[in-house]
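First up is the structure itself, then whatever we jot down about it.
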There are 2 protein chains.
Amino acid sequence: MTLRMLSQKVAQAVDEELMSAQGGFSIDQLMELAGLSVAQAIQKSFDVSSHPRVFICVGPGNNGGDGLVAARHLSHFGYKPSIYYPKQPNKDIYKRLLTQCENLGTTMVGMDQFEQHLNGQTDVVVDAVFGFSFHGDVRDPFRNVISAFQQTQKPIVSVDIPSGWDVTTGPTEQVSFQPQVLVSLTAPKQCASHFKGNRHFLGGRFVPPALAEKYQFDIPNYLGADQAVEI
Amino acid sequence: MTLRMLSQKVAQAVDEELMSAQGGFSIDQLMELAGLSVAQAIQKSFDVSSHPRVFICVGPGNNGGDGLVAARHLSHFGYKPSIYYPKQPNKDIYKRLLTQCENLGTTMVGMDQFEQHLNGQTDVVVDAVFGFSFHGDVRDPFRNVISAFQQTQKPIVSVDIPSGWDVTTGPTEQVSFQPQVLVSLTAPKQCASHFKGNRHFLGGRFVPPALAEKYQFDIPNYLGADQAVEI
């Protein structure tokens with residue numbers, strides 16, 4: 001299935017409209033459904049009995065928030081999530097999402113254990129570092145994270161876009177790793193045309209058809225009550 | 001499966017703890033997941049092709065909010081929800097949830113069409129009027145709603161508890177209708193022992209096991225990424 005891919009500008013406009021007075025959504029709602037769809041895409045891709053240890057690498061913004069929500073749902077699904085969250089902004093929603101994970105006994109991984117944990121005690125890596133609004137150079141402590149993504153043999157699941165890719169043109173000179181699974185949220189971004197991994201999902205089952213029509217993108221047919229659909 | 005049933009007092013304490021600083025949840029998150037589980041229980045119980053027209057009767061509190069969230073998800077699942085919402089409180093979250101439904105083209109039913117709509121143009125009725133914190137007498141405009149529930153031949157799905165039942169002792173002299181489906185949220189309330197309908201689901205897959213242990217109730221095994229489980 002080929003869906004229309006969004007530019008950074010259009011993706012931003014769609015997000016803003018969803019959260020405007022006209023759209024009515026709160027960030028809590030959108031993040032909850034986005035993170036749930038990520039967790040469900042992982043559950044469809046990696047069996048909990050063979051791949052229980054999911055390592056979620058969390059960035060400082062909303063992409064990281066989606067990752068924290070996914071970590072919570074994965075724990076309820078029976079996985080053993082662990083979290084690397086090196087830069088924790090002083091923002092209420094992220095703090096609450098982290099508290100929710102801590103209440104489930106999720107392992108927090110320190111900076112000095114990061115690489116060892118990723119390559120040793122992990123079955124699946126979740127890249128929830130940067131989303132579609134990222135631009136510029138990757139700085140520490142995330143340079144190290146992306147560099148580990150470049151080198152690891154572990155399967156990577158990227159949330160919305162592979163972190164560090166250019167949202168329009170895809171892989172760059174510095175960042176060219178290919179996730180095995182990509183979970184696009186709301187609609188694929190333009191860089192998704194460079195995705196060469198195994199499975200591409202769409203999540204974020206909250207877009208009103210009228211909004212998709214306004215911005216000329218498609219909503220594929222999800223199955224039953226699913227929150228993620230393979231595209 | 002017999003799960004421990006909660007008293008009104010314990011149910012209240014569990015809710016408060018989830019939304020405390022220790023629990024970390026916002027009302028938006030909990031309502032989103034509760035409403036999604038209601039929608040999924042309906043999707044498991046009534047096929048969209050034979051029962052597309054779901055009529056959601058919405059009360060003035062959080063039970064009504066769960067109903068509004070369910071209406072949105074049902075619309076995304078392909079159902080044709082309609083909403084009766086005779087008493088709309090001036091509270092941001094309810095207004096936003098209603099906006100979200102309106103953006104999906106959901107039919108709003110007026111007071112004068114209520115009974116005709118329920119008995120004529122409806123395949124499934126959702127009772128999202130009162131939840132576990134209800135006590136006292138049912139007053140207008142909801143007396144009329146409950147009275148229609150008593151008389152209709154349409155299948156009713158009750159959210160959390162059948163509206164107007166006593167949360168401890170169940171059916172009363174005034175209110176004794178039996179829903180065909182009951183979706184208990186977080187854990188069944190004591191009145192659920194009087195439920196004689198076909199299918200009983202549990203929803204609200206967000207309870208940390210440590211919290212369930214503290215208040216001595218059970219979390220049954222959900223299937224895969226499901227948000228509702230039959231109990």
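Chain naming here is simple, since letters A, B, ... match the order of the sequence lines and numbering starts at 1 in each.
For chain B, the option among A:Glu32, A:Lys95, A:His76 with the highest count of heavy-atom pairs below 4.5 Å is A:His76. Among A:Glu102, A:Met31, A:Gln227, the residue making the largest number of heavy-atom pairs under 4.5 Å with chain B is A:Gln227. With chain B as partner, the option from A:Ile93, A:Leu98, A:Asp92, A:Val207 having the largest number of non-hydrogen pairs under 4.5 angstrom is A:Val207.
Only the side chain of B:Leu36 comes within less than 4.5 Å of a heavy atom of chain A; its backbone N, CA, C and O stay farther away. Interface residue B:Phe77: backbone and side-chain heavy atoms are both found under 4.5 Å from chain A. Of the two parts of B:Leu33, only the side chain, counted from C-beta on, holds a non-hydrogen atom closer than 4.5 Å to a non-hydrogen atom of chain A. Using a 4.5 Å cut-off between heavy atoms, B:Val48 makes no contact with chain A at all. For chain A, the nearby part of B:Gln22 is the backbone; its heavy atoms alone come within less than 4.5 Å. For chain A, the nearby part of B:Ala21 is the backbone; its heavy atoms alone come within less than 4.5 Å.
Here the closest heavy-atom approach between residue B:Gly24 and residue A:Arg96 is recorded as O-CB, 3.0 Å. The heavy-atom pair separating B:Pro208 from A:Asn103 by the smallest distance is CB-O, 3.8 Å. For B:Gln43 against A:Gly224, the heavy-atom pair with the smallest separation is NE2-CA, 3.4 Å.
More than 12 heavy-atom neighbours from other residues, nucleotides or ligands sit within 6.0 angstrom of NZ on B:Lys44. The neighbour count for A:Glu213 CD, taken as heavy atoms of other residues, nucleotides or ligands under 6.0 Å away, does not exceed 12. More than 12 heavy atoms of other shown residues, nucleotides or ligands fall within 6.0 angstrom of atom CD in B:Gln121. Applying the 6.0 Å contact sphere to NZ of A:Lys154 captures more than 12 heavy atoms from other residues, nucleotides or ligands.
Between the side chains of A:Gln29 and B:Gln100, at least one donor N or O lies within less than 3.5 Å of an accepting N or O.
In this structure, CZ in A:Phe25 is found 4.5 Å from CZ in B:Arg72, a value given to the nearest 0.5 Å.
A:Asp28 contributes no side-chain N or O that, together with a main-chain N or O of B:Ser26, makes up a donor-acceptor pair within less than 3.5 Å.
Contact check for A:Arg205 versus B:His73: no side-chain heavy atoms found under the 4.5 Å cut-off.
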